[in-house]
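Side chains are part of it too, since the values below use all heavy atoms of this structure and drop only hydrogens, waters and symmetry mates. Quick caveat: nothing in here was measured; it's all calculated off a predicted structure. Below, read A as the first sequence line, B as the second, and so on, with proteins coming before strands; counting in each chain starts at 1.
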Amino acid sequence: MNRAKNAKLVLWILAGFAAAVALNRYLFGLGVTTNLNDRTPWGFWIGFDVMAGVALAAGGFVTTAVFYIMKREEFHPLVKPAVLTAFLGYVAVVVGLLFDLGLPWNIWHMIIYWNPHSPLFEVGWCVMLYTSVLLLEFSPVPLEEYSRYAKIRNFLMKYRFVLVLLGIMLSTLHQSSLGSLFLIMPERLYPLWYTHILPIEFFISAVALGLMMVAFETLVSHWLYRRDPETVLVGKLCRVAAWVLALYFVVKSFDLGITGKLGLVFNGKWQSDLFIVEIAVSTIIPAVMFAVPRLTRKPVVQWTGSFMVVAGMVLNRIDVGGLAMYDSTASYTPSWMEIAISLGVVSAACLVFLFVLERFNIWEIKPADPESMPQTAPSFDYSSRSWLGTPDAASLARHSLAFVLSFALGMGMMSGKRLHAEGVDSIRVSPATGIDTLCINGNRDDQYVEFSHEGHIAWLRTHAISLTIDGVVHTASPSGGDSCTFCHHLNLPGEKVSNCAECHTSMYSEVDFFRHGWHASAVGANLKCDDCHATGVTRNAASAKKCTACHRGYDFAPGKGAAGPELYIPSYVDAMHKLCVSCHIADLREVSSLSQTNGGILSGKDKSNLAQCASCHRTGVPPELRADMKWQVKLPHYDNVVLPNVGVTVK
Amino acid sequence: MSKAILTDVTKCIGCLKCVSACKEVHHLDADVPRVWDKNDGLSAENWTAIVFKDGRYVRKQCRHCLEPACASVCPVGALHKTSIGAVVYDSSKCLGCRYCMMACPFGIPRYEWDKAVPHVEKCILCYDRIEEGKQPACTEACPTGATIFGERKELLPLVHARIEANPGKYIDKVWGEHEVGGTSVLYLSDIDLGFLTYPTVKGDKPLPQETVTAMESVPFAFVGMGGAMLGLNWIIRRRMKLGEEKAKKKDPAHE
C-alpha cells in the first residue's frame, strides 16, 4: 500500500510549495510571479490551468453520455470516478483562474455585468452552471452516508437524467467556446492552429481527451491501490477513442488542406515542429495503436496510449493558449512559479480525489486507507517503544510536515531582489564622458544630455546659491571655493570630485548605499549594535553615529550628506533630474517660439528650444563626443522609441 | 458626433509635448523600463509614445476602433465605445482576465504587472475633457499641429484634401479610415505605417465579426445537442425494449 501513501506525500509537497508561491503572487502581483508581459498577456496558467483543465474534465460528460444516454451499462464502474474527476477538475480550473485573474475578487462580476458578445462570458457562465450541475450529479454519493439527507438524495436521483442531459449540453457549449476565444485574434495565433472551425476541433478533441482521461485516471488509481485494472473497460474506451481521434485527424487535415496551410506544416520553423510533435503525440500514434483491437487489451498500450493523448492534448491547449504565437519575437517561457502554482492546484485536486475515493463509495469495494494498515504504520516506535499515536495521526503528522517543509522551501526560493525590483532591470550606469563638455548618457545608446562642465563651474564661481534637495543642502558662494562640492556633495576617500555614477550606480532603482546587513555581519564590518547606535534609545537611523565618525577619509562638505546615514539613495535618473531640474526649473517652463523652417521639421538646434524633455535630452551623439564614449550594455528596451518620458519629480 | 484625432507624421518634430501633457493630465507616474515592456514606448504609465521610424516620428496611442475588439471580448463589458468615439475602461467592473490585451489588433492595452491590484491602462481619448468641451491633452499640447482633434467625418475630407493639395508628399492612404472597420485615430504619412498593426491583420473586416458566427450558433448548438441526445436515448431505449420483447416471444418460459 506504499504507492498511495508515497503519492500523497509527493502531492502534499507540491501543494505546500505552491502555497508559498501563491502568497507571493497575491502580495506582490503578477509581475514578480509570472513571466507574463505586455506582449504575451496570457500564458501557462490560461493554457494549462484553464483550457487544458476544462478539456481534461471532459471525461465527466462523455462517460455520463455513454452510460445514461447510450445505456451502455457495462461502464457503470467508471461513472462515479469520472463525475468526481470532472467536478474536481472544474473546481481546479476556477481555483487556477483565481491566480491568473488580476482582480480575482471580482470574478463574480460575470453574474451581474453581461456582455453576451464575448466568448469568455459564455465560457464563464457555462463553467459556473456546469460545475453546479456536476456537484448535483455527484452529491448523491456522499449523501448516501447520511440518512437524514435521504429526501434530497432521492430527489437528485430522480432527476439525474435531466442533470446529465443539461451537463452534456453545457459541456458542448463551453468545450467548443474555449476555441471561439481565439477566433478574434488571427493576428496572434500561428496559422497552423488558427482556423474558423477551432470550436469544432476543440469539441472533438475534448471528447477524445475526456475518454482517455477516464482511462488514464482508472489505470493510475487502480495501480495506486493495487486493484485489478479494469482492462476490458479501458480497452473499450481506447477503441472508441481511436474513432474520435481519427475523426479529429481527418477534420484537422481537411481544414488545413482547404485553407492551403499544409505547406506550413513542413516548412521547418519551430512552430511547424511543435505542430508535428503535438499532432503525432496526441492523435496519430495513439490512434494507430488503438486501431488494432487486440492491442487495446494490453496494459502497456493502454498506459502509453492514454498518457500520450492526455499529454498531447494538454500541449495542444497550451499551444493555442499562448505558446504558438505568430510573433516569434514574443518571448515567453513560464516562470518556475507559474509551473509551481499549476502543479499545486492539480496536486490539491488529486488529494481531494484520493480522499473521496477512500472515504465514500466510489468503487464497489472501498480502498482501505493505507495509513490504517497496521503493517505500514506501527503504533509504537521499534527502538524506544514510545507511542506514536494512532495511525491516522501519524499520517497527518507526516503530511503536515511535508507541507510545511515545502512551504518553507518555497518561501526560501522567493528572491528578495526581484520583489524590490518591481520589474526594473538593474542597469549599471556608465559615467559621463568628455572634459569641458560632458556627455551624460548613462548607457542609453545614442541618447544624451550635453552638459557644459566648464560653464557650470564658471557660473557657480560667480553666484551664491543654496538649494535643498531631499534634505541635503547644496550651497555655493563666489568666495567659498565650494563650486565643486555644490554638485559633488559626497566623494570617495582621497577624491575631490567623484563622478555621480560612483554612488548612484543604478539607472532606475534605488541603491542601498549603506548596507546595514554588511556592517552588522561577522563576515562584513563585524560591528555590534552598540558600536553605532546609542544605548537606551530606539535603534534607528536617527540614533546612529554619523558615517564620518568612522569613515574619516570621506569628504563630507558641511551640511552635505551628514544629516544621518542615508539608507537608500536615489537612482541615477532621479539624482540627475533632481539636481538639474531644481535649478533649471524656470528654463523648463519657458516655451520659445518655434521656427517653421525646414518644412515644418525642426533641426536639432531648434528642438532644444522646446521646453520639454527634448530641451536637454538629445538623440544622436555628435562624433566628437562619441569617440570618447565607452559604450556599455545597450538598453534592451525602447527600440526606436524617442526619448522615453522620464517622470520629473522636483521637491 | 464621433470625435477623432488626426496625426500627420510629416509634421511631427518628436518634441514629446503630447507625451508630457498626457502624463500630466492623467497623473501618470514616472516611466522606467520594465522587464514586461513591449519595447514600443507604451506602458501602464505611458499612454502615448513617439516611435522613431524611417526618419519620421510616429505617435503611438490607442486607435479607438469604430468596432473595438477589446470591448467585444470583455466578459463584463468593462470596456466600451462611448458616443463621442472614445473606447473607455471601467476599472470597477474589470476582473483582470486580460482578454482585451490579447484581442487588440494594435497591441495597445497595458497591464500594471507590478501591482497587487492591477488594472488595464490605455489612452481614453480624454473623454472627460471632451465632455467638458475641451480637446484631448495631446492635441492641445502639440506645437506644430501634427496631431489635431475634430469630428471624424470632418477630418476625413480634410485629410484627403491635404493629400490632393500636396501631390507626392504623402502616401495616398489614410491609416485608420478602413482598417479593421475604421478607427477614430487617423494617420497621414509619407512612410508605411503598417508596423503599427500586427503584420497579420489583413483586410478591413472588423475583428469582432470573427466571433459572430460562433457566438450566434451557440443557442443552436445547445438545443441541437440536447435534442440529439434525447433522440439517441429514445432510439436506444426503444431498441432495447424491442429486443426484450423479441427475447420474451422466443422464450416465453423465461418469465
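For the set Val164(A), Leu101(A), Leu198(A), Ile200(A), the entry with the most heavy-atom pairs within less than 4.5 Å of chain B is Leu101(A). Between chain A and the residues Glu45(B), Arg237(B), Arg110(B), the most heavy-atom pairs under 4.5 angstrom are made by Arg110(B). Top candidate by heavy-atom pairs under 4.5 Å with chain A, chosen from Val117(B), Val58(B), Val223(B), Ile235(B), is Val117(B). Between chain A and the options Val218(B), Val120(B), Leu28(B), Thr211(B), heavy-atom pairs under 4.5 Å are most frequent for Val218(B). The candidate from Gly145(B), Pro109(B), Ala44(B), Cys74(B) with the greatest count of non-hydrogen atom pairs under 4.5 Å with chain A is Cys74(B). Put simply, of Ser571(A), Ser118(A), Gly29(A), the one with the most heavy-atom pairs under 4.5 Å next to chain B is Ser118(A). Note: Ser92(B) leads Ala221(B), Gly224(B), Ser217(B), Ser92(B) in heavy-atom pairs under 4.5 Å with chain A.
When heavy atoms are compared at a cutoff of 4.5 Å, Met185(A) approaches chain B solely by way of its side chain, counted from C-beta outward. At a 4.5 Å heavy-atom cutoff, the contact between His119(B) and chain A is made by side-chain atoms alone. Using a 4.5 Å cut-off between heavy atoms, Lys38(B) touches chain A through backbone and side chain atoms alike. Looking at Tyr68(A), the atoms closer than 4.5 Å to chain B (heavy atoms on both sides) all sit in the backbone: N, CA, C or O. Both the backbone and the side chain of Ser180(A) come within contact range of chain B, each with at least one heavy atom under 4.5 Å from a heavy atom of that chain. With a 4.5 Å cut-off on non-hydrogen atoms, Ala71(B) touches chain A through its backbone but not through its side chain. Residue contact with chain B, scored on non-hydrogen atoms closer than 4.5 Å, involves the side chain of Trp105(A) exclusively. Contact annotation for Leu165(A): only side-chain heavy atoms (C-beta onward) come within less than 4.5 Å of a heavy atom of chain B. Both the backbone and the side chain of Leu30(A) come within less than 4.5 Å of a heavy atom of chain B. Both the backbone and the side chain of Leu181(A) come within contact range of chain B, with heavy atoms under 4.5 Å apart.
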Taking it one step at a time, do Lys93(B) and Ile112(A) satisfy side chain to side chain contact (heavy atoms under 4.5 Å, CB included)? CA-CA 10 Å; Lys93(B) 284 185 182 175; Ile112(A) 54 165; over 6 Å; no
Would you please test Asn233(B) and Phe161(A) for side chain to side chain contact (heavy atoms under 4.5 Å, CB included) and show each step? CA-CA 11 Å; Asn233(B) 185 247; Phe161(A) 186 81; 3.4 Å; yes
Criterion side chain to side chain contact (heavy atoms under 4.5 Å, CB included) on Leu36(A) and Trp36(B), from CA distance to verdict: CA-CA 7 Å; Leu36(A) 297 173; Trp36(B) 46 73; over 6 Å; no
Given side chain to side chain contact (heavy atoms under 4.5 Å, CB included), test His196(A) with Glu210(B) step by step and report yes or no. CA-CA 8 Å; His196(A) 287 283; Glu210(B) 300 276 359; 2.8 Å; yes
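Going from atom OG of Ser72(B) over to atom CG of Asn115(A) covers 7.0 Å, rounded to the nearest 0.5 Å. Separating the CG atom in Leu207(B) from the CD1 atom in Ile184(A) is a distance of 6.0 Å, to the nearest 0.5 Å. To the nearest 0.5 Å, atoms CG (Leu183(A)) and CD (Gln209(B)) are separated by 13.0 Å. Residue Asn37(A) holds its CG atom at 8.5 Å from CE of Met101(B), rounded to the nearest 0.5 Å. Interatomic distance, Ile197(A) CD1 to Thr213(B) OG1, rounded to the nearest 0.5 Å: 13.0 Å. Atom CG of residue Leu189(A) and atom CE of residue Met102(B) lie 8.0 Å apart, to the nearest 0.5 angstrom.
Under the 4.5 Å side-chain criterion, counting only non-hydrogen atoms from C-beta, Val73(B) is not in contact with Phe121(A). Looking at heavy atoms from C-beta onward, Pro119(A) lies in side-chain contact with Met215(B) at the 4.5 angstrom threshold.
Atom CZ of Arg162(B) sits in a crowded spot, with more than 12 heavy atoms from other residues, nucleotides or ligands closer than 6.0 Å. Heavy atoms of other residues, nucleotides or ligands lying less than 6.0 angstrom from NE2 of His117(A) number 12 at most.
Using a distance-only test at 3.5 Å, with no hydrogens or angles considered, no donor-acceptor pair links the side chain of Asn106(A) to the main chain of Leu95(B). Panel note: side chain Arg39(A), backbone Gly107(B); no donor-acceptor pair is recorded below 3.5 Å. Using modelled atom types, one side-chain atom of Trp42(A) and one backbone atom of Cys97(B) make a donor-acceptor pair closer than 3.5 Å.
Across all non-hydrogen atoms, the minimal contact from Pro75(B) to Met110(A) is CB-CE, 4.1 Å. A pairwise comparison of heavy atoms in Leu103(A) and Pro118(B) identifies CD2-O, 3.3 Å as the closest pair.
Between the side chains of Asp38(A) and Trp113(B), at least one donor N or O sits under 3.5 Å from an acceptor N or O.
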